[in-house]
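Labels below follow one simple rule: chain letters A, B, ... track the order of the sequence lines, proteins then strands, and each chain is numbered from 1. Model, not experiment: these values are computed from the prediction. The analysis underlying the following values was restricted to heavy atoms, covering all of them including side chains, and did not include hydrogens, waters or symmetry mates.
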Protein chains: 2
Amino acid sequence: MDANIVKILVSSPIFHDISPSQLDIMLECLKPKINTFSKNSYIAVQGEPYTGLGILLSGEASIIKESASGSRVIMTVIRPGDLFGEMIAFSPRKHWPASVFAQSTCSVMFLPPEKIIGECTHVCGGYKQLIKNMLVLLSTKALMLNQRVEYLAIKGMREKISIYLLEQYKINQKHTFILPLKRNELADFLSVSRTALSRELGRMRDEGIIEFYRTSVKINNLAMLRRGAE
Amino acid sequence: MDANIVKILVSSPIFHDISPSQLDIMLECLKPKINTFSKNSYIAVQGEPYTGLGILLSGEASIIKESASGSRVIMTVIRPGDLFGEMIAFSPRKHWPASVFAQSTCSVMFLPPEKIIGECTHVCGGYKQLIKNMLVLLSTKALMLNQRVEYLAIKGMREKISIYLLEQYKINQKHTFILPLKRNELADFLSVSRTALSRELGRMRDEGIIEFYRTSVKINNLAMLRRGAE
DNA sequence: AAAAATCGGTAGCTATAGCTACCGAGAGTG
DNA sequence: CACTCTCGGTAGCTATAGCTACCGATTTTT
């Protein structure tokens with residue numbers, strides 16, 4: 001196995017805490033397929049049969065949700081070492097719920113999911129770790145989605161902003177900090193329109209709760225911010 | 001172990017394809033605790049320490065997400081044999097991300113998660129199946145949450161209703177069917193107010209798209225319903 | 001069977017947030 | 001140095017959906 005590929009794989013969460021030597025043995029068992037996809041081609045097509053747990057080895061790809069009416073929405077961009085299709089691997093569903101599109105030339109390793117819970121329980125030392133990684137990975141994914149639901153379920157704009165800022169304040173432990181998201185991205189994350197977001201931020205500034213310039217924010221009145229979050 | 005409990009457990013997805021005799025051996029290893037909860041009490045409280053992977057043995061409970069402002073979103077309703085807390089079991093987080101509420105008197109079995117990837121790999125025959133079941137369960141959970149995020153991200157009321165009804169239509173394969181949720185629950189699920197939901201349903205009826213009475217719905221104009229979903 | 005609670009539809013009012021449009025400030029490119 | 005592009009704030013208009021209130025129909029409780 002190519003040393004470069006091994007390097008990518010050991011850095012991937014799915015092979016976390018598995019040594020390169022163990023990995024070599026495991027790859028013998030797993031018999032992964034490595035495919036190359038040219039720029040602007042589909043790595044996976046929404047609705048078509050599932051082709052296995054994907055690990056991006058090189059290139060850049062995006063996960064795209066295509067609606068019935070044909071509109072395409074980019075969900076995420078994935079980079080070398082990232083996984084895709086991990087949610088479907090062990091589910092009864094056997095078709096892609098979204099498309100994966102190569103933004104540049106990509107090489108991808110596909111693992112047949114049934115091999116992960118395969119025969120080599122007793123042989124491969126890394127087996128148990130792989131299972132554990134998969135469980136942690138799926139748990140983390142589910143929890144992230146759960147947090148997203150939490151934010152989306154919040155009704156008011158003021159409330160969303162307040163809770164978001166309080167969370168950032170908690171992380172930074174300072175009254176002045178830099179947001180990790182640009183306005184556009186923040187609007188997407190909170191699922192509101194950018195203009196309405198800017199407007200509400202402006203109001204909060206007028207009320208003396210916060211000050212801001214671009215992505216930097218200063219909390220002037222923590223009590224009022226807390227009240228805004230209810 | 002009570003024969004009735006064993007009956008519930010073998011029907012539970014976590015012990016799927018595990019024979020009662022294997023189950024008996026495994027329960028020796030797992031050392032589960034069984035607790036009883038009275039109607040309208042909390043089985044688990046959001047934010048409090050994690051008490052283990054739960055299996056509902058009897059009664060009916062709902063998993064609810066409570067936001068800071070006190071608004072409650074129903075995630076799912078669980079019945080005997082169903083699990084809860086499976087997301088946290090393998091994650092670093094050690095507190096409940098949501099509450100579990102007993103709608104009627106419930107008895108619940110709690111499994112210590114560390115036991116699942118435990119020591120008894122070589123002893124218990126059902127071990128491998130249990131892991132596989134956990135992976136299937138978590139995948140399914142993640143997919144469900146994903147779907148929920150997709151619903152919440154939808155802006156328009158008409159769009160939400162249309163997509164929901166089309167999904168129900170797809171499940172039932174009939175133009176007339178019974179919704180699995182009451183108005184209140186449906187409003188919660190779609191994260192809209194009940195009155196606005198009723199109003200929009202009324203409009204759709206006036207436009208000849210659907211007919212309905214309580215939880216029963218008849219689709220009169222599938223093409224228009226599809227158009228409403230964009 | 002009466003009383004209480006739940007369920008669901010309707011209406012009017014209003015706050016909210018989405019949309020379009022515009023404009024200025026930086027950043028990157030030729 | 002123009003130029004183009006992205007980023008972000010502002011304003012006006014309007015559609016949308018939330019809220020309160022009410023009422024009749026069901027279901028559950030006593």
Side-chain angles (χ1 to χ4, degrees), chain A residues 71 73-74 77 151-165 178-218 228-230, chain B residues 38-40 59-60 62 67 69-74 77 101 103-105 151-165 178-218 228-230:
Chain A
S71 64
V73 181
I74 295 179
V77 176
Y151 266 107
L152 288 170
I154 298 167
K155 290 156 292 180
M157 173 77 75
R158 173 69 64 104
E159 219 179 320
K160 287 191 190 203
I161 296 173
S162 299
I163 291 175
Y164 181 77
L165 290 180
I178 306 291
L179 300 179
L181 301 173
K182 299 178 197 294
R183 284 287 177 287
N184 257 327
E185 297 165 338
L186 183 55
D188 268 359
F189 179 71
L190 301 178
S191 189
V192 296
S193 78
R194 185 191 59 82
T195 55
L197 172 61
S198 272
R199 174 174 48 200
E200 191 64 27
L201 283 169
R203 279 187 200 137
M204 291 171 78
R205 184 196 47 209
D206 296 346
E207 293 174 29
I209 302 173
I210 53 171
E211 276 173 56
F212 61 93
Y213 175 74
R214 302 251 158 185
T215 55
S216 98
V217 177
K218 182 183 174 195
E230 281 251 26
Chain B
S38 54
K39 183 179 176 177
N40 292 332
E60 191 178 291
S62 52
S67 84
S69 58
S71 64
R72 305 160 87 237
V73 180
I74 294 182
V77 175
F101 191 76
Q103 301 289 5
S104 63
T105 304
Y151 264 111
L152 287 169
I154 297 167
K155 296 290 172 194
M157 173 77 74
R158 172 70 60 107
E159 220 180 318
K160 286 190 190 202
I161 297 172
S162 299
I163 291 175
Y164 180 77
L165 290 179
I178 306 291
L179 300 179
L181 301 172
K182 300 179 197 295
R183 283 290 177 286
N184 258 328
E185 297 166 337
L186 183 55
D188 268 357
F189 177 72
L190 300 178
S191 189
V192 296
S193 78
R194 184 190 59 82
T195 54
L197 173 61
S198 272
R199 174 174 49 200
E200 192 63 27
L201 283 168
R203 279 188 199 135
M204 292 171 77
R205 184 195 48 210
D206 296 346
E207 294 174 31
I209 301 173
I210 53 171
E211 278 171 55
F212 61 92
Y213 176 73
R214 302 251 157 184
T215 56
S216 97
V217 176
K218 182 182 173 193
E230 262 207 353

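Residues satisfying the side-chain contact (heavy atoms from CB on, under 4.5 Å) test with A:S193, not counting sequence neighbours, are A:T195, A:A196. B:K218 is linked by a side-chain contact (heavy atoms from CB on, under 4.5 Å) to B:T176, B:E211, B:N220, counting only residues two or more places apart in sequence or in another chain. Contacts of B:K155 classified as side-chain contact (heavy atoms from CB on, under 4.5 Å), with partners at least two apart in sequence or in another chain: A:S191.
Counting heavy atoms from C-beta outward, B:M157 and B:L190 have side chains that stay 4.5 Å or more apart. Under the 4.5 Å side-chain criterion, counting only non-hydrogen atoms from C-beta, B:F212 is not in contact with B:L179.
Recorded end-axis angle for the helix from C:dA1-D:dT30 to C:dA27-D:dT4 stands at 50°, based on five pairs per end and rounded to 10 degrees.
The two atoms that bring B:S162 and B:A229 nearest to each other are CB-N, 3.6 Å, heavy atoms only.
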Do nucleotides 6-25 of chain C as a string where each nucleotide becomes B, S or -: B if the base has a protein heavy atom under 4.0 Å, S if just the sugar-phosphate does, - if no protein is that close. -SBBB-B----BBBBB----

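Among residue pairs with one or both ends in residues 189-201 of chain B, those qualifying as salt bridge (charged side-chain N to carboxylate O under 4.0 Å, His left out) are B:R158-B:E200, B:E200-B:R203; sequence neighbours excluded.
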